[in-house]
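The structure under discussion appears below in the form of structure tokens.
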There are 2 protein chains.
Amino acid sequence: MSTRAPRTRAPGRRATIADVAVAAGVSKATVSRFFNHRERLLTPDIAARVEKAIAALGYSPSPMAQALSRGRTRLIGLIVADITNPYSVAVLRGAEKACQDAGYLVMLFNLGNESGREREALNALAGYQVDGFILNTLGRGAGVVDAVALHGKPAVLVDRRHAGMHADFVSLDNAGAMAQVCEHLLDGGFRELLYITEPQKGVSTRRERAGAFSDCLAAHAPQVKGEVFESEEGDTAGLNAALRALQQRAKRGRRQAAVIAGNAVVTLRVAGAMTQLGWRFGHELGFVGFDDPEWAPLIGPGLTTLSQPTDEIGRAAAGCLIERLQGLEGAARQLLLPGELVVRGSSQRAQA
Amino acid sequence: MSTRAPRTRAPGRRATIADVAVAAGVSKATVSRFFNHRERLLTPDIAARVEKAIAALGYSPSPMAQALSRGRTRLIGLIVADITNPYSVAVLRGAEKACQDAGYLVMLFNLGNESGREREALNALAGYQVDGFILNTLGRGAGVVDAVALHGKPAVLVDRRHAGMHADFVSLDNAGAMAQVCEHLLDGGFRELLYITEPQKGVSTRRERAGAFSDCLAAHAPQVKGEVFESEEGDTAGLNAALRALQQRAKRGRRQAAVIAGNAVVTLRVAGAMTQLGWRFGHELGFVGFDDPEWAPLIGPGLTTLSQPTDEIGRAAAGCLIERLQGLEGAARQLLLPGELVVRGSSQRAQA
DNA sequence: TTGTAGGCGTTATCAG
DNA sequence: CTGATAACGCCTACAA
């Protein structure tokens with residue numbers, strides 16, 4: 001007998017490997033092998049007995065105990081800056097799916113936009129011995145770098161890269177996307193552009209888009225003019241003013257004006273401002289927004305958007321991480337996925 | 001010495017209780033007590049030594065090992081029917097927050113609308129010994145009842161109740177909400193109503209809303225007429241036809257027509273149909289929709305909505321569950337939270 | 001091929 | 001108050 005006093009299993013309790021062992025009249029090791037080392041076959045007779053016992057007791061190994069023993073949990077920690085953000089959710093969805101398919105479960109930690117809690121999140125998740133991290137966060141705080149390094153677990157960054165960090169990175173090809181957007185607006189005859197973004201601070205994606213915007217302007221100067229405006233949450237007055245100023249410049253230069261919104265949140269703000277100003281998309285102002293929310297077709301004449309392959313991004317992120325977990329070595333990789341321009345009414349110049 | 005060969009800790013490895021013990025020159029039990037039984041104080045001297053060792057090694061107990069030992073994980077399993085659904089996400093957000101605050105972590109499982117996977121999800125989560133479940137799913141399949149019962153863990157249902165299941169239930173007060181909506185439309189002079197819902201099947205929330213709608217009609221018959229229409233995904237033709245029929249009936253009876261959308265998904269469909277028909281909210285048709293998405297103010301004259309306290313619902317759900325985990329006994333509770341009517345242009349009758 | 005005997009990191013029981 | 005020691009459920013040398 002392997003256990004001292006094989007006290008009868010309480011009815012509610014999950015069957016353990018020991019229960020199976022006694023039921024099959026074998027040792028725990030044999031049962032364990034039945035699961036983990038199928039290759040070196042057990043005697044057919046024994047295998048059959050074990051299998052029967054397993055079925056009878058409805059046994060399945062406890063991942064917790066396995067984790068403790070092997071040091072791997074098949075758990076992936078997913079940290080999200082703000083689960084309210086549809087972009088994050090879309091990515092999350094793709095990632096969770098990929099994890100499930102690969103036999104991993106996701107432990108979620110939502111920062112609720114309190115970026116100071118990154119460390120706390122990392123520690124909490126690391127405590128549960130997650131095998132790796134998917135991070136869709138990383139404000140300016142460098143704090144995360146060493147924290148991740150500390151626990152020595154692989155991580156993959158989504159959408160927001162971080163300079164010093166040795167980790168795979170998955171994101172939209174921001175430069176390419178912005179180029180597409182600008183190209184489209186220029187083709188449409190727009191010559192006075194305004195790029196509206198949330199405060200750039202240290203957020204890589206925002207900076208990259210703004211940078212690409214400037215590059216684009218530079219490439220087409222001086223026929224095309226443009227500016228960047230940082231829109232703060234709640235500052236509707238500032239946004240309205242910026243739009244009016246844009247309009248003025250356009251009129252003065254006798255050129256068509258268009259706005260590019262840096263993400264869906266900004267799009268929402270701009271749409272609000274348009275209503276307040278009594279302006280219509282495609283008339284007073286051309287418009288293209290990053291992200292393609294489901295309601296984009298319903299605003300005014302339909303909003304032209306740059307749709308991100310969010311699902312793909314999530315899947316790719318999970319994929320990268322899992323490859324690392326399977327032992328892939330090598331330098332940090334970088335996956336830049338292309339966006340797709342979805343043309344609707346807001347970027348069609350109204351006839352004068 | 002407690003361990004046979006206190007082999008020096010590999011640099012990368014997390015400090016264990018044993019490491020702390022040797023560093024402080026005490027037994028593992030003492031270190032454990034330092035964390036768990038603060039009440040019965042240790043000798044100040046010893047406590048100080050332990051504390052110092054803990055700090056020096058940056059030790060924190062492994063939740064995994066604790067779980068194995070105590071049988072509780074401080075993990076909560078959250079199963080969501082479809083994480084794409086903003087309602088689910090909003091609830092998720094509230095729940096996750098509440099869990100965090102109470103020191104629980106959330107393990108997420110997204111069904112991706114494949115309701116057949118409920119069982120799989122439950123098992124996966126139960127495998128990790130989650131202490132309890134929050135379920136925002138439960139199609140018709142009764143399968144879940146016994147599965148949950150099987151693992152003997154407490155659960156709380158969100159938004160979708162299930163007859164046979166002994167579990168706390170948290171949701172919007174559907175009947176009250178629908179009454180508010182109807183009242184508002186009647187006050188506005190609308191007399192020909194159409195309630196559009198996703199297929200009711202066994203989904204309790206959908207049935208309750210439809211039921212309340214009918215009750216409301218009955219209470220105001222015969223001055224007010226109304227019907228229920230089940231809108232299938234993708235069946236835009238059917239939806240358009242239903243709207244045209246509504247309009248016909250209204251004209252024939254010389255009454256104002258209004259539509260009530262059962263949730264945000266339906267609202268989106270209706271808005272799409274309106275565009276196709278070339279109708280405007282508040283003119284050809286009055287409108288109120290359940291759920292208050294951020295884009296509601298931006299569609300036409302602004303959509304009047306019945307806003308659910310999603311955050312509150314999520315928090316309440318987590319709260320209920322945690323109370324159970326703390327030992328609360330008693331019959332299954334039912335928490336029906338009130339909705340809030342947000343009046344915008346779509347429900348103001350246009351002047352004739 | 002199978003069984004025995006640790007060990008993974010904690011907690012809990014029971015002596016001292 | 002503190003320290004051995006035995007679980008918790010599983011895996012894995014090592015021995016048979």
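Chain naming here is simple, since letters A, B, ... match the order of the sequence lines and numbering starts at 1 in each.
Under the 3.5 Å distance criterion, with hydrogens and angles disregarded, no donor-acceptor pair is assigned to the side chains of B:Gln66 and B:Arg74.
With rounding to the nearest 0.5 angstrom, the CG atom of A:Leu105 is 7.0 Å from the CD atom of A:Gln100. Distance check: B:Leu92 CG to B:Ile313 CD1 gives 13.0 Å after rounding to the nearest 0.5 Å. If you take CG on B:Asp159 and CZ on B:Phe169, they are separated by 6.5 Å, rounding to the nearest 0.5 Å. In this structure, A:Ile79 CD1 and A:Met107 CE are separated by 10.5 Å, a value rounded to the nearest 0.5 Å. Atom CG of residue B:Asn113 and atom CG of residue B:Asn85 lie 8.5 Å apart, to the nearest 0.5 angstrom.
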- Are B:Phe109 and B:Tyr128 close enough, and set up right, to give a ring pair (Phe, Tyr, Trp, His ring centres under 6.0 Å), and what steps lead you there? CA-CA 12 Å; B:Phe109 200 109; B:Tyr128 281 96; over 10 Å; no
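Annotation: the terminal axes of the helix from C:dT1-D:dA16 to C:dG16-D:dC1 meet at 50°, where each axis is the rotation carrying the C1' atoms of four end pairs onto the next four (5 pairs per end, rounded to 10°).
Closest approach to the B:Thr16 side chain among C:dT10, C:dT2, D:dC10 is made by C:dT10 (side chain taken as heavy atoms from C-beta onward). Here C:dG9 is the nucleotide among D:dT2, C:dG9, C:dT4 with the atom lying nearest to any side-chain atom of A:Leu68.
Whole-Å rounding puts the B:Phe34 CZ to D:dG3 C1' distance at 18 Å. Whole-Å rounding puts the B:Met64 CE to D:dC11 C1' distance at 15 Å. Per the geometry, CZ belonging to B:Arg72 stands 17 Å off P belonging to D:dC8, to the nearest Å. If you measure from atom CG of B:Asp19 to atom P of C:dG9, you get 8 Å, rounded to the nearest angstrom.
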Readout for nucleotides 11-16 of chain C: B = base within 4.0 Å of protein heavy atom, S = sugar-phosphate only, - = neither; 5' to 3' it is BB----
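Residues B:Leu42 and B:Gln129 both approach DNA chain D. Their nearest nucleotides, taken by heavy-atom distance, put B:Leu42 toward the 5′ side.
Close to C:dT4, at under 4.0 Å from its OP1 or OP2, lies no side-chain N or O of A:Ser27. A close approach under 4.0 Å does not occur between any side-chain nitrogen or oxygen of A:Ser62 and OP1 or OP2 of D:dC8.
Using a 4.0 Å cut-off between charged side-chain N and carboxylate O, A:Asp82 and B:Arg93 make a salt bridge. A:Arg333 and A:Asp168 are joined by a salt bridge, as a carboxylate oxygen and a charged side-chain nitrogen come within less than 4.0 angstrom of each other.
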